[in-house]
Amino acid sequence: MSMYQEHRQRFLEVLFREQMAAVIPTETEKTRNHDAHYRFRPHSDFWYLTGFAEPESVLVLVPGKEKAEDGQAILFLRERNKEMEIWDGKRLGVDDAPEMLGLDEAHPIEDLWKELPNLLAGQQRIVYRSGHDEDFDWHFHRMVEGLRGRARRGIEPPTAVLDPGPYLHELRLHKSPGELECMRHAARITTQAHCAAMAAARPGVYEYEIDALLEYTFRRHGSTGPAYNSIVAGGANACILHYIENDQRLCEGELLLIDAGAEWKYYASDVTRTFPVSGTFSEPQKALYEVVLRAQLAAIDVIRPGVATKLVHETALHALVDGLIELGLCQGTREEVIESNAHRDFFMHGTSHWLGLDVHDQGAYTRGGESRPLAPGMVLTVEPGLYVDPENQAVEERWRGIGIRIEDDILVTDEGHENLTAAIPKTVAEVEAACQAALEGVA
Ligand code: GLY
Ligand code: MN
Ligand code: MN
């Protein structure tokens, strides 16, 4: 049984327990400009349950009445079409889909809105994410309205359309062994790419050259590409949190912040490293780097089952603030700095997010208003940073324009945690060695 069938089986168990059906469409193809499209990527929910990457597909799940195993998985997809396949590529087709994907039935996508009312007749609760695709929403709600019209014939109409959040996304939050294998592989490719970048960066190289090297390294190892737009930020560009222009020249003495991760079978990695373009940290760069590193290691260290998710951020924040005070960038006690938000001049983002098929993965962070406890199988990033605005006149000049973030991908295990991206150089000595060895290599 494929990992996708296992996911589907687990979701069908939830649907049986809650007596709900589900309608899970994939993404729509997106226009880039005129008649050119972006490369297609399936919707993460749909991929999780099918492992099927063709556009124009919808999965329908109908729960068993007596037992979970009686649940039905029905896929609507494109039919084979010789002429279209010559232009746009091969299609799985309706005949082969049930066996290839382990489904109960497959139907042509053109029949979706004709067949769906029959499949969903009598289902009172339907899991469907509205608000994502206006056109699909319109058809879906028209179909629900049609089902209400059958009430006179004794077929009970739907009374609730439910968000996948508490059901499907809770499953996605706890990674299956197959998913973890994908994430480990994404992490291995990302390791290669970050090491290659440290090897290649030197004064005079442009950020886009490093960006291209990262993407080349991802793709040549079979990755679908970057899991998100790579940030390749030299010098003060690192202080722009979502800098993706990546078009500036790297200069002697600057740091280079790279936030880039490979996607493997649509599973993300998400890693940041910051290193000196010329191979050695300056004293102020090193001082700030050591603070961020200490904060990151301390935050990773608290990760284990049962610990409230917010403790990861609080631990990083405390260590960052202590460091800012030690270096004279903030004044007062830790509590005073945090109370007055003075640290936000230097650290203005969160420390963690879930990671999986989406880089900011699905899954609730709180339960009943409380930060939820970590559990085995969850994967989260730990990514503290310090960013000194180049125009910040309140600090000594030597700090200005330095931006540092360090980010790893951490799996919660039964015993504690495992750093999936631990192989990427991170200490000052490791990073300098990786840069210098590479500089000698390319000189
Ligand atoms: N690269 C996106 C993030 O770190 O959240
Ligand atoms: Mn991240
Ligand atoms: Mn990142």
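All residue numbers in this chain count up from 1 along the given sequence. Just so you know, ligand 1 is whichever comes first in the structure, and atom 1 is the first atom listed for that ligand.
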(message) Which residue and atom name correspond to the protein heavy atom nearest atom 3 (C) of ligand 1, and how close is it?
(response) D270 OD2, 3.3 Å

Which of the numbered atoms in ligand 1 are under 4.0 angstrom from any heavy atom belonging to [X]?
X: E407; answer: 4 (O)
X: Y228; answer: 1 (N)
X: D259; answer: 1 (N), 4 (O)

(message) What count do you get for protein N, O or S atoms closer to the Mn ion (ligand 2) than 2.8 Å?
(response)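 My tally for this metal is 4.
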
(request) Would you please determine whether H360 falls within less than 4.0 Å of ligand 1 on a heavy-atom basis? (result)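 Yes, H360 has heavy atoms under 4.0 Å from ligand 1.
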
(request) With rounding to the nearest 0.5 Å, note down the distance linking OG1 in T381 to CD in Q296. (result) 9.5 Å

Could you tell me whether the side chains of [X] and [Y] share a donor-acceptor contact shorter than 3.5 Å?
X: H353; Y: E383; result: yes
X: D409; Y: T421; result: no
X: E207; Y: N237; result: yes

(message) Run the ring pair (Phe, Tyr, Trp, His ring centres under 6.0 Å) test against Y289 and tell me which residues pass, sequence neighbours left out.
(response)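 Residues passing ring pair (Phe, Tyr, Trp, His ring centres under 6.0 Å) with Y289: F281.
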
(request) Answer yes or no: is there an ion pair linking R334 with E314, defined by an N-O contact shorter than 4.0 Å? (result)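 No, R334 and E314 are not salt-bridged.
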
(request) Please name the residue in the list L92, D96, L77 that meets the side-chain contact (heavy atoms from CB on, under 4.5 Å) test with L101. (result) L92

(request) Look at atom OH of Y365 and say whether more than 12 heavy atoms of other residues, nucleotides or ligands are closer to it than 6.0 Å. (result)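 Count over threshold, so yes.
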
